[in-house]
Amino acid sequence: MTSGTPQITLYNTLTRTKEPFRPIDANNVRMYVCGPTVYDFAHIGNARPVIVFDVLFRLLRQVYGADHVTYVRNITDVDDKINARALRDYPDLPLNEAIRKVTEKTEAQFLSDAERLGNLPPTWQPRATDNIAEMQVLIGNLIQRGHAYEANGEVLFSVQSMPDYGQLSGRNLEDNLAGARIAVDAHKRNPADFVLWKQSSVEEPGWDSPWGRGRPGWHIECSAMSERYLWDEIRDKLSPEAHRHPHAFDIHGGGLDLIFPHHENEIAQSRCAHGTHAMANIWMHNGFLQVEGQKMSKSLGNFYTISQLLDSEDFGGRKWPGEVLRLAMLMTHYREPIDFSVARLEEADRMLRKWARVYVQSSDECYLADWAVEALADDLNISELWARLHSLARQAEQDASIGRDVTATLNALGFKGLFLKLSGAPGTTDGEDSAIEALVTARLAALNAKDFAKADAIRNELAEQGIALMDYKDENGERQTKWEVKR
RNA sequence: GGCCUCGUGGCGGAGUGGUGACGCAGCGGAUUGCAAAUCCGCGUACUCCGGUUCAAUUCCGGACGAGGCCUCCA
């Protein structure tokens, strides 16, 4: 690593402290984030980790080089909730076909949502069903090493076979038992043992395995997919140092709620299957969000999917551009809770409109300026980034050259799309705005002829279309007009 | 019951053991044909109670309040 590389600091759930980020192999930075289970449209809460870790991905790409970061986000397409949904929605189809319909449709919707929220596609987006063999290998290893056993048609992970089980969530087996809400299954050696493989009935989806025709448990999927894409597939490229820490990768992320049991169990599986000390070095978790001050739930009527916010007027009586949703999510540090509200979206909308005035439409440059990297390097301190951007945007209003960094940084943060439609000036936009431009030009002519009545009439006409005009004088003292979409 | 977070001005939101980040909204002024935009100015906030300290919003303890996990969940 060169001395010029900024030092990134990240909060590690494993140690509950901020730590300097030191990739195992700086030429191959590896990150895994738990993706969606594709049984239903993603809601706005699901969008948070997608956006948060996209920002981290973009930061890492900038610091270590775009070709030196591997980001995996899985698609869970085998799950009992999916089966239930398939039965409900396609009762007349054979189950496997119905499942495929559900998962394909939901996955396509998720990918579209993610893109419209300004996220880059991860390096890999593996599906669980394409990695069944990898899961079986892991399960076989676990059995062989004495960490898993068959009972009652299931393969179970034995938590007491792992002395330091519970490290991530900071809980021990005794504490868990004290809660006494864990279902007592007679076939489990310990109530906290969890399923790695379970048998499927004839009509349920299943794969042949040494333990009978069945399907994987939830946790094993992520262990298998991270292993495949962050170790197996790139091990030949990894440094000698990385080979001294086989199977381990740099960052594992997800929502706060996944700490236990999901991530805890992933760690147990991956470490015990390979006999290693770490699955990932840094574990990151984003905070939860509420909607209008309450936990989002269908019964409270404050449950919103991403596509609903984008395309319907269900929330606040209007549609919200993806970039507005994105900024609303990024107004707060990723570990803090967010109250997702109409007021918050309106504020995000106003912030973007302000920046649109200094945004250089013609620029395709896309990089995080030094001041942005510096802010994000401190555990993704995005508030600090906005503070700096605000200050520079104010200067850019007077000095256009500063707008270049601001523009490139906004592009690099995934906000480009909105700015292209938000505002313009004659000659700077493409064909679809020509009607606006014609009126603006006509109004300028009226103004120069001191026909203020006509000029105001044109301005009112445009205002009714949601276009606001702003007059200013150019460097020659000539009157010019800019316009922006008020919505 | 156990384990975690968190509590900053009207709102959003960083940060810090000692001069009130930053933004949104609001108010006053400059500018403008009128506007808008812009510029200048305006706010003495850190839940409460103890403790440590010369000094605490910042550290420690407690109370109260909010949220999460312990069961599918971002």
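Here is how names work: the chains are called A, B, and so on, in the same order as the sequence lines, proteins then strands, and each is numbered from 1. It should be emphasised that the depicted structure is a prediction, and the values quoted were computed from it without experimental measurement.
A/His285 comes within 4.0 angstrom of no nucleic acid atom, judged by non-hydrogen atoms across all strands. A/Gln290 comes within 4.0 angstrom of the backbone, heavy atoms only, and of no base. A/Ile382 comes within contact range of no nucleotide atom at all, as no heavy-atom separation falls under 4.0 Å. Contact annotation for A/Gly45: base contact, defined as any heavy-atom pair under 4.0 Å involving a base atom.
A close approach under 4.0 Å does occur between a side-chain nitrogen or oxygen of A/Thr332 and OP1 or OP2 of B/rG13. OP1 or OP2 of B/rG15 lies within a sub-4.0 Å distance of a side-chain N or O belonging to A/Asn381. Phosphate contact (OP1/OP2 of B/rG68, side-chain N/O of A/Lys295, threshold under 4.0 Å): present. For A/Trp386, no side-chain nitrogen or oxygen approaches OP1 or OP2 of B/rA21 to under 4.0 Å. Taking 4.0 angstrom as the limit, A/Arg350 places a side-chain polar atom (N or O) nearer than this to OP1 or OP2 of B/rA25. The phosphate of B/rC24 has neither OP1 nor OP2 within less than 4.0 Å of any side-chain N or O from A/Arg353.
Searching all strands for a Watson-Crick or G-U wobble partner of B/rG9 with both distances below 3.5 Å returns nothing. Nucleotide B/rA21 forms a pair with no other nucleotide shown, judged by Watson-Crick or G-U wobble geometry with both contacts under 3.5 Å. Under the Watson-Crick and G-U wobble criteria, each requiring two contacts below 3.5 Å, nucleotide B/rC39 is paired to B/rG29. Using Watson-Crick or G-U wobble geometry with both donor-acceptor distances under 3.5 Å, B/rU58 finds no partner in any strand shown. The partner of B/rC3, taking Watson-Crick or G-U wobble pairs whose two distances both stay under 3.5 Å, is B/rG68.
Rounded to whole angstrom, the span from the CG atom of A/Leu352 across to the C1' atom of B/rG23 amounts to 12 Å. Distance, A/His262 NE2 to B/rU71 P: 15 Å, rounded to whole Å. Spacing between atom CG of A/Leu376 and atom P of B/rA14 amounts to 14 Å, rounded to whole angstrom units. Atom CG of A/Asp349 is separated from atom P of B/rA25 by 11 Å (rounded to the nearest Å). Atom-to-atom, CE of A/Met296 to P of B/rC72 comes out at 19 Å; the value is rounded to the nearest Å. Rounded to an integer number of Å, the gap from A/Asn286 CG to B/rU5 C1' is 13 Å. Rounded to whole Å, the distance from CE on A/Met351 to C1' on B/rC11 is 13 Å. In this structure, the CD1 atom of A/Ile338 is 15 Å from the P atom of B/rC6, given to the nearest Å.
Two residues, A/Tyr334 and A/Gly287, neighbour RNA chain B, and the one matched to the more 5' nucleotide by heavy-atom proximity is A/Tyr334. Remark on RNA chain B: of its neighbouring residues A/Ala47 and A/Tyr11, the 5'-side contact belongs to A/Tyr11, judged by nearest-heavy-atom nucleotide.
When the P atom is used for both B/rA14 and B/rC72, the distance is 32 Å, rounded to whole Å. On the P atoms, B/rU57 is 10 Å away from B/rU19, given to the nearest whole Å. Taking atom P on both B/rA25 and B/rC34, the two are 23 Å apart, rounded to the nearest angstrom. Separation of the P atoms belonging to B/rG18 and B/rG28 is 37 Å when rounded to the nearest angstrom. On the C1' atoms, B/rC39 is 13 Å away from B/rU32, given to the nearest whole Å. When the C1' atom is compared between B/rG10 and B/rC64, the two are found 24 Å apart, to the nearest whole Å. Taking atom P on both B/rA21 and B/rC42, the two are 12 Å apart, rounded to the nearest angstrom. For the C1' atoms, the distance linking B/rA37 with B/rA30 amounts to 14 Å, nearest Å.
For A/Phe288 and B/rG67, the ring-to-base geometry does not satisfy the stacking test (centroid distance below 5.5 Å, interplanar angle below 30°).
Neither side chain, A/Arg85 nor A/Thr106, offers a donor N or O lying under 3.5 Å from an acceptor on the other. With 3.5 Å as the limit, one finds no donor-acceptor pair spanning the side chains of A/Tyr39 and A/Asn83.
One cannot find a donor-acceptor pair under 3.5 Å joining the base of B/rG13 and the side-chain atoms of A/Glu336.
Residue A/Arg344 has its side chain nearest to B/rG12 when only B/rA74, B/rG12, B/rC22 are considered. In the set B/rU5, B/rA14, B/rA21, the nucleotide with an atom closest to the side chain of A/Ala387 is B/rA21. Closest approach to the A/Trp218 side chain among B/rA14, B/rC72, B/rC70 is made by B/rC72 (side chain taken as heavy atoms from C-beta onward).
Between A/Arg73 and A/Pro49 there is no side-chain heavy-atom pair separated by less than 4.5 Å.
Tested against A/His285, the residues A/Asn12, A/Val52, A/Leu256 include a single side-chain contact (heavy atoms from CB on, under 4.5 Å) partner, A/Leu256. Between A/Leu10 and the choices A/Asp379, A/Asp378, A/Asn281, the side-chain contact (heavy atoms from CB on, under 4.5 Å) rule is met once, by A/Asp379. Of the candidates A/Phe288, A/Phe303, A/Tyr304, A/Phe110, A/Phe303 is the only one forming a ring-ring contact (aromatic ring centres under 6.0 Å, His included) with A/His43.
Ring-centre distance between A/Trp355 and A/Trp386: below the 6.0 Å cut-off.
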(request) Test side chain to side chain contact (heavy atoms under 4.5 Å, CB included) on A/Thr103 and A/Ile75 and set out the steps. (result) CA-CA 9 Å; A/Thr103 57; A/Ile75 302 274; over 6 Å; no
(message) Please encode protein proximity along nucleotides 32-41 of chain B as a string of B, S and -, counting only heavy-atom distances under 4.0 Å.
(response) -BBBBSSS--
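Salt bridge status for A/Lys81 with A/Asp40: absent, with no side-chain N to carboxylate O gap under 4.0 Å. By the 4.0 Å N-to-carboxylate-O rule, A/Lys198 lies close enough to A/Asp80 to be salt-bridged with it. With salt bridges taken as basic N to acidic carboxylate O contacts below 4.0 Å, one links A/Arg215 and A/Glu204.
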